[in-house]
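Here's the structure we're looking at; comments come further down.
Numbering of ligands and ligand atoms starts at 1, following listing order.
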Amino acid sequence: MTAKIIDGKAFAATVRAKVATHVTRLKQDHGVTPGLAVVLVGDDPASQIYVRSKGKMTAEVGMASFEHRLDAETSEADLLALIEKLNADSAVHGILVQLPLPDHLNSDLVINAINPAKDVDGFHISNVGLLGTGQKSMVPCTPLGALMMLRDHLGNLAGLEAVVIGRSNIVGKPMAQLLLNDSCTVTICHSKTNDLQAVVRRADIVIAAVGRPEMVPGDWIKPGATVIDVGINRVPNGEKTKLVGDCDFASCVEVAGAITPVPGGVGPMTIACLLANTVTACCRANGWAEPQGLTA
Ligand code: NDP
């Protein structure tokens, strides 16, 4: 069996096109342009690439993009003051603080300083609680993108066995929560899980969010399972480097029913969902009807 390749790049392009249509409508009907502020502290090369690409795509869908690049030595007080300013700025509907932050800054404190209504990453403790209790919230972009691909491929997820490898606050835990909210039977694995292979083997849906290159081989996968590879790992490739996921694509593709590639799978969906969340935040802030069908 050779798996269907779930094309995240194409899927994300359709989501961005819908976002662009909504942005045009908001401008025409209300004279309002949804705005996304991205805050980058320090000069982490991967973060710089993400922030550049977020800024480019924000502009492409017609939204306003506000970039704030701060020195690696920026004090917590200065960062919190900027967030306060963005919270109060009516042109800013979404605020994203690029993680990881330098060690001297307390990420929890910083994220929880963002107005939850503008927390388009869905990391604020209020949004985590709302998601955990099945209430309307801002949903973290990477798990949201993964859920959209799963629903698109599988339809109703109720009753399926889902195994999430990784328990981070930004991917593993919210992913598991979303799958539970969709009535999957969910198992969360981590570095202390006994016999990971046996747990993964029983899954109809495997979500790999570990950060270990090609850790999951094809013989761990139940034939026909759907594999969502969240991992982004840079590995040597001759004199250059290349990106690989947490799953060994070559062997998993022979066993799975469907699989997301790396690159071109979950990654593009993450940014598309960020843009969609910003439009949603703009509508909620103004009391307008939320766009239907933009996200899951
Ligand atoms: P973290 O490092 O925060 O979490 C990794 C998780 O994997 C931890 O829960 C850890 O367990 C678990 N883990 C580590 N080793 C093993 C092992 N041998 N067996 C089982 N579990 C293990 O990573 P993130 O969640 O932030 O990111 C995960 C991956 O997803 C990374 O490659 C990252 O680059 C990528 N990513 C991709 C995004 C996208 O847009 N596509 C967005 C965000 C992340 P424990 O808790 O016990 O330490």
| Any ion pair linking D182 and R151 (charged N to carboxylate O, less than 4.0 Å)? | yes
Between D44 and Q48: side-chain donor-acceptor atoms closer than 3.5 Å:
no
Quick one: table the atom pairs, ligand 1 N or O against protein N or O, below 3.5 Å, distance rounded to 0.1 Å.
residue  : atom   : partner : partner atom : Å
ligand 1 : 9 (O)  : R167    : N            : 2.8
ligand 1 : 11 (O) : S191    : N            : 3.2
ligand 1 : 15 (N) : R212    : NE           : 2.9
ligand 1 : 21 (N) : H190    : O            : 3.4
ligand 1 : 21 (N) : S191    : N            : 3.4
ligand 1 : 25 (O) : S168    : OG           : 2.5
ligand 1 : 32 (O) : I232    : N            : 3.1
ligand 1 : 34 (O) : I232    : O            : 3.4
ligand 1 : 40 (O) : T270    : OG1          : 2.8
ligand 1 : 41 (N) : V230    : O            : 3.4
ligand 1 : 46 (O) : R167    : NE           : 2.7
ligand 1 : 47 (O) : R167    : NE           : 3.4
ligand 1 : 47 (O) : R167    : NH2          : 2.8
ligand 1 : 47 (O) : S191    : N            : 3.1
ligand 1 : 47 (O) : S191    : OG           : 2.5

Side chain of N106, backbone of D108: donor and acceptor closer than 3.5 Å? yes
Notebook entry, point to check: Would you say I170 and M148 are hydrophobically clustered, going by side-chain heavy atoms of ILVMFWY under 4.5 Å?
Noted result: yes
In the structure I gave you, are the side-chain heavy atoms of D119 and D121 within less than 4.5 Å of one another anywhere?
yes
With a 3.5 Å cut-off and sequence neighbours excluded, list the donor-acceptor pairs that the side chains of residues 242-256 form with protein atoms.
residue : atom : partner : partner atom : Å
D246    : OD1  : G211    : N            : 3.1
D246    : OD1  : R212    : N            : 3.0
D246    : OD1  : N233    : ND2          : 2.9
D246    : OD2  : V210    : N            : 2.6
D246    : OD2  : G211    : N            : 3.0
D248    : OD2  : S251    : OG           : 2.5
S251    : OG   : G218    : N            : 2.9
S251    : OG   : D248    : O            : 3.3

